[in-house]
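Structure first, then comments.
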Amino acid sequence: MINLIKGFHDILPDESQKWAFITNKARRCLERFGFREIVTPIMEKTELFRRGIGQATDIVEKEMYTFDDIGGESLSLRPEATAGILRSVVEHSLLRHEPILKIFSIGPMFRRERPSKGRFRQFFQINAEVLGDDSPLTDAETILVAFSMLEDIGAKDFSVEINSVGCRDCRDKYRSELRRFLQPSFNRLCPDCQRRFETNPLRILDCKEPECMRIGADAPLISDWLDASCRDHFDQVKTALDSVGVTYRVEPRLVRGLDYYSRTAFEFVHSQLGRTKAIGGGGRYDSLIEELGGPNVSGIGFGIGIERLAMNLPDEGALFQSKIDVFIAIIGSNARGPCFRIANQLRKLGLSVEARYSDMSLKAQMKVADRLCAKWVIMVGENELTQGQFTIRNMKTKNQLLVELSGIEQVVRGEEI
RNA sequence: GAGGGCGUAGCUCAGUUGGCAGAGUUCAGGGUUGUGGCCCCUGCGGUCGUGGGUUCGAGUCCCAUCGCUCUCCCCA
């Protein structure tokens with residue numbers, strides 16, 4: 001037997017109903033906010049991710065599925081959505097036609113990490129981006145659309161954490177200040193953080209090593225180093241969120257894993273399970289579009305992990321239970337051909353119809369109908385076919401009556417017996 | 001990358017001191033000749049993860065290995 005790749009997973013039919021529920025709700029919500037869908041390839045040139053995400057990040061350094069194509073070109077499965085989306089936007093000059101662009105995408109991402117609960121090597125993300133608009137209200141609305149989506153889907157026990165990581169200028173100043181503060185304690189930092197000291201000292205405040213947390217406890221905070229315009233921007237984001245009833249917590253140590261964020265950063269954190277279990281997150285980026293060859297405009301976006309979302313939803317329930325309208329129970333092999341045609345006729349009317357064409361007792365077929373939660377069963381044998389009348393049974397009330405083929409739709413739609 | 005736990009029927013699991021491979025459930029058939037759920041009966045279903053070792057004899061003990069899973073790290 002050949003089994004699936006470590007860290008990958010199948011979405012089996014039972015689970016897929018839940019997935020359809022989530023993605024349908026998400027689509028509807030995003031469309032209400034004016035987002036349109038974009039579908040980009042799951043594979044891109046490796047260079048795109050090196051430029052877009054940053055060569056020094058863990059994702060690009062250690063976690064990408066990268067290989068050389070037969071032509072010798074280095075390709076990678078996408079570890080996140082934004083780079084590919086922006087590549088497409090820039091390549092097709094979408095911002096020229098529509099200077100403010102709101103788009104979303106739903107699809108699989110790939111990171112070769114060690115799998116654990118809620119973490120997979122292939123995972124699905126709902127991703128949304130607003131490009132070309134740096135109003136703080138857009139930041140708030142982007143957080144709001146994600147928040148509304150989680151509400152619509154029925155996610156419970158999550159909280160919103162936000163922070164401003166400032167623009168490049170304030171971050172540069174803050175970064176030097178932070179280095180100055182951490183320098184005396186450098187040797188006590190964990191190896192990761194010693195490396196981060198050079199590459200991205202902000203992440204040290206995010207470290208969960210006890211010693212690093214102690215050292216970072218009294219560190220200066222980015223909020224004290226925001227310049228006037230960044231502080232004003234952040235204040236307006238918070239005011240806007242307040243005005244629509246989004247409850248959030250300002251988390252001054254929140255720093256996102258990807259390097260390109262500026263100003264607003266946010267996460268949706270599941271508050272019951274372990275505290276590091278983000279179900280989604282995002283933020284503003286101001287140089288990424290230009291870096292990829294587009295105009296010098298900023299964008300803001302977020303990603304939400306579908307698996308983690310699904311994990312926090314109840315497993316079973318009528319919510320995801322699908323029902324078929326009609327099951328055709330076939331009595332005797334001579335009735336199969338006619339039933340095959342009848343099934344198709346009823347489907348053309350818009351009904352969901354099931355039948356089994358292999359040799360089965362009526363009892364067995366009734367069991368199947370029951371298992372499929374059929375609302376109606378039509379029983380068709382030679383008698384019925386010669387008389388042109390069929391027994392139709394309401395599976396809930398157990399009432400039955402004889403109807404002609406043409407009357408089936410009315411009975412099913414009316415549910416009158 | 002570090003550290004735990006677990007691998008026995010499609011699924012959930014039991015298996016005592018090393019001594020015939022088990023239960024529930026699912027599925028199929030029957031009880032009810034053309035009528036579902038509940039009940040009863042019967043049946044199908046196994047390389048005990050894999051490979052070695054110890055032993056008269058290994059699901060059980062030992063070694064190795066693979067897989068899954070959880071925690072830490074990191075993230076969605």
Side-chain angles (χ1 to χ4, degrees), chain A residues 1-9 12 14 53 57-59 61-63 78-82 106-127 146 150 155 158 190-193 195-196 200 203 206-210 212 254-258 266-270 273-282 301-312 327 329-332 335 356 358-384 390-400:
Chain A
M1 185 174 64
I2 299 168
N3 41 14
L4 50 61
I5 305 170
K6 186 190 185 87
F8 285 56
H9 61 110
L12 301 176
D14 286 344
I53 303 172
T57 57
D58 280 3
I59 291 180
E61 251 177 10
K62 303 186 292 206
E63 297 175 358
R78 60 183 182 193
E80 54 95 53
T82 306
I106 299 176
M109 308 297 154
F110 305 85
R111 291 183 201 172
R112 202 183 177 293
E113 300 174 88
R114 195 182 185 102
S116 65
K117 183 173 181 151
R119 188 177 55 193
F120 306 95
R121 290 180 171 182
Q122 175 184 280
F123 58 97
F124 280 71
Q125 258 188 346
I126 301 163
N127 213 267
L150 293 174
F158 69 89
C190 73
D192 275 340
C193 285
R195 186 171 47 80
R196 287 176 184 139
N200 191 353
R203 305 229 55 198
D206 214 22
C207 186
K208 307 296 186 298
E209 289 289 326
C212 297
L254 172 63
V255 178
R256 308 265 312 139
L258 284 52
F266 55 93
E267 274 182 8
F268 295 88
V269 182
H270 193 262
L273 297 167
R275 57 192 261 277
T276 53
K277 286 298 177 210
I279 58 180
F302 65 84
I304 287 182
I306 298 186
E307 285 85 354
R308 290 186 181 180
L309 202 46
M311 243 169 41
N312 297 330
F327 185 90
I330 304 170
I331 302 151
R356 291 295 140 96
S358 55
D359 198 17
M360 283 174 87
S361 68
L362 179 58
K363 178 175 178 166
Q365 292 184 73
M366 292 300 290
K367 277 188 170 180
V368 173
D370 188 52
R371 195 167 58 234
L372 297 174
C373 302
K375 293 179 219 157
W376 302 89
V377 171
I378 303 172
M379 278 160 268
V380 182
E382 290 192 45
N383 295 344
E384 285 81 356
F390 308 95
T391 303
I392 182 164
R393 176 184 177 89
N394 182 322
M395 291 295 276
K396 204 156 81 185
T397 65
K398 300 185 184 184
N399 292 331
Q400 300 189 176

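Below, all heavy atoms of this structure are taken into account, side chains as well, without hydrogens, waters or symmetry copies. Below, chain A is the first sequence line, B the second, and so on; all start at residue 1.
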Euclidean distance, atom [atom1] of residue [X] to atom [atom2] of [N] [Å, nearest integer]:
X      : N     : atom1 : atom2 : result
A/I306 : B/A76 : CD1   : C1'   : 10 Å
A/E113 : B/U71 : CD    : P     : 14 Å
A/R393 : B/G37 : CZ    : P     : 10 Å
A/K363 : B/C40 : NZ    : P     : 13 Å
A/F8   : B/G67 : CZ    : P     : 14 Å
A/M366 : B/G36 : CE    : C1'   : 5 Å
A/M395 : B/C38 : CE    : P     : 12 Å
A/L362 : B/G36 : CG    : C1'   : 9 Å

So which nucleotide does [N] pair with, by the Watson-Crick or G-U wobble rule with both distances under 3.5 Å?
N     : answer
B/C11 : B/G24
B/U33 : none
B/A2  : B/U71
B/U55 : none
B/U60 : none
B/U65 : B/G49

Closest non-hydrogen atom pair, A/F8 against A/R121: CE1-CB, 3.7 Å
In whole Å, measure the gap between the [atom1] atoms of [N] and [M] for me.
N     : M     : atom1 : answer
B/G53 : B/U17 : P     : 27 Å
B/G30 : B/G37 : P     : 13 Å
B/G29 : B/G67 : C1'   : 37 Å
B/U55 : B/C62 : P     : 16 Å
B/A23 : B/C44 : P     : 12 Å
B/C63 : B/G5  : P     : 13 Å
B/G43 : B/C6  : P     : 35 Å
B/C13 : B/U71 : C1'   : 25 Å

Within 6.0 Å of CZ in A/R112, more than 12 heavy atoms from elsewhere: no
Sugar-phosphate, base or nothing in reach of [X], heavy atoms under 4.0 Å:
X      : result
A/I304 : nothing
A/K398 : base
A/G118 : base
A/A329 : nothing
A/F268 : nothing

First of A/G280 and A/T391 reached from the 5' end of RNA chain B, by closest nucleotide: A/T391
Residue whose closest nucleotide on RNA chain B lies nearer the 5' end, A/A374 versus A/G305: A/A374
Quick one: does [X] reach the base of [N] with a side-chain donor-acceptor pair under 3.5 Å?
X      : N     : result
A/E384 : B/G34 : yes
A/K396 : B/G36 : no
A/Q365 : B/U35 : no

Geometric class of the A/F268/A/F302 ring pair [parallel <30°, tilted 30-60°, perpendicular >60°]: perpendicular
Output the single nucleotide from [options] whose closest atom is nearest the side chain of [X].
X      : options             : answer
A/R119 : B/C72, B/G36, B/G34 : B/C72
A/R371 : B/U35, B/G34, B/C27 : B/C27
A/F123 : B/G1, B/G36, B/A76  : B/A76
A/R114 : B/G36, B/G3, B/A76  : B/G3

To the nearest 0.5 Å, what is the distance between [atom1] on [X] and [atom2] on [Y]?
X      : Y      : atom1 : atom2 : value
A/M109 : A/I306 : CE    : CD1   : 9.0 Å
A/R356 : A/F327 : CZ    : CZ    : 5.5 Å
A/Q365 : A/I331 : CD    : CD1   : 7.5 Å

Step-by-step side chain to side chain contact (heavy atoms under 4.5 Å, CB included) determination, A/Q122 to A/I5: CA-CA 10 Å; A/Q122 175 184 280; A/I5 305 170; over 6 Å; no
Pair A/V377-A/D370, side chain to side chain contact (heavy atoms under 4.5 Å, CB included): steps then yes or no: CA-CA 9 Å; A/V377 171; A/D370 188 52; over 6 Å; no
